[in-house]
Amino acid sequence: MYWVHFTNNELSGRHSIYYAGSYISYQVERTIFRAEEATLRQFQGLAEVLDREDAGKISDKIIMLDGVNETEMVATMDLLEARWFQGPPPFSLDQWKAVLFVTTMWKFSILRDLAIRSIEDMKPPPLDTILLARGYNVPRLLSMAYTDLCMRTTPITAEEGEILGYRSFADLVRIRESRKNSQCIQCQNWTVSITCNSCVVSTRELVVDAVQKLLSDSTQT
């Protein structure tokens, strides 16, 4: 049995964590949201905005947030409000993209890293991954997409070539050719065999190393 009672004791102390603090109203597009100030301050960019406001009157204002839409804001707040007893929430790829956008713009590194890991696990098509990686400066997503393009059996398409750009396209074609010309120690085959597990493993390691060197060289030029 659980016992609950109510009190009017005005001397009761307020818990430093579990007694709700001040709430902030903010507007995204034509919709007004409301959240605890402590929640919003987890975003470094939003904390800087709040610090510029009059601390004594911040709860009486509606802060306009530009550069983000309602869908992106809802996805990010849903993640913050999720109960994690059974692991991360089952977000769609579009929701994780929205979280990545908001957390990159407002500097919330922990949630940003979670969004990146979740997108990696969902393995979106290489083109989508490349656009995300370039748009949000995520080298490891770019490495994953380049590796997938080099490992697959079908050639790089004209559409993919346009997205990649001439230099990247030429570099990936070169890596794909080097993959075909690598010899497998296990089966002594100069062309990769899909029936030899050692071929697949050793060739992927070669491709990953080549892609990492490619990205490293590109950052130095």
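Side chains included, hydrogens not; waters and symmetry mates left out as well; all remaining heavy atoms used.
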Report summary line: Minimal heavy-atom distance between T154 and R176, with the atoms involved, is O-NH2, 3.1 Å
Query raised in the report: Measuring from L46:CG to D51:CG, what's the distance to the nearest 0.5 Å?
Result: 11.0 Å
Requested in this report: State, yes or no, whether a side-chain contact exists between L132 and V138 at a heavy-atom distance under 4.5 Å.
Outcome: no
Report task. Under the side chain to side chain contact (heavy atoms under 4.5 Å, CB included) rule, what do K123 and D148 come out as? Steps first, then yes or no, please. Result -> CA-CA 10 Å; K123 299 186 182 304; D148 289 344; 5.8 Å; no
Query - Which residues share a side-chain contact (heavy atoms from CB on, under 4.5 Å) with T129, sequence neighbours left out - result: P124, L141, M144, A145
Query raised in the report: Relative to each other, are the rings of F91 and W96 parallel, tilted or perpendicular (30° and 60° limits)?
Result: tilted
Query raised in the report: What residue among L100, V102, D94, V99 forms side chain to side chain contact (heavy atoms under 4.5 Å, CB included) with E72?
Result: V102
Query raised in the report: Is there side-chain contact between V28 and V74, with at least one heavy-atom pair below 4.5 Å?
Result: no
Query raised in the report: Donor-acceptor pair, Q95 side chain versus S92 backbone, under 3.5 Å?
Result: yes
Report task. Might you work through the salt bridge (charged side-chain N to carboxylate O under 4.0 Å, His left out) test for R117 and D121, ending with a clear yes or no? Result -> CA-CA 6 Å; R117 292 197 305 271; D121 292 341; over 6 Å; no
Query raised in the report: Would you call T76 and F43 a side-chain contact if the rule is heavy atoms closer than 4.5 Å?
Result: yes
Query - Partner set under side chain to side chain donor-acceptor pair (under 3.5 Å) for E162, not counting sequence neighbours - result: none
Query raised in the report: Which residue pairs satisfy the side-chain hydrogen bond (donor to acceptor under 3.5 Å, both in side chains) criterion with at least one member in residues 130-140, sequence neighbours excluded?
Result: E120-R140, R134-Y146
Query raised in the report: Roughly how far, to the nearest 0.5 Å, is the CD atom of E70 from the CZ atom of R30?
Result: 11.0 Å
Query raised in the report: side chain to side chain contact (heavy atoms under 4.5 Å, CB included) with T39: which of E36, E37, R41?
Result: E36
**Report entry** Close side-chain approach of L215 and S143, heavy atoms under 4.5 Å
**Finding:** yes
Query raised in the report: Quick one: does I130's side chain get under 4.5 Å of L149's, heavy atoms only?
Result: yes
Query raised in the report: Could you give the distance from CD1 (I63) to CG (L50), rounded to the nearest 0.5 Å?
Result: 5.0 Å
Query raised in the report: If we only count heavy atoms from C-beta on, is the L40 to F33 side-chain gap below 4.5 Å?
Result: no
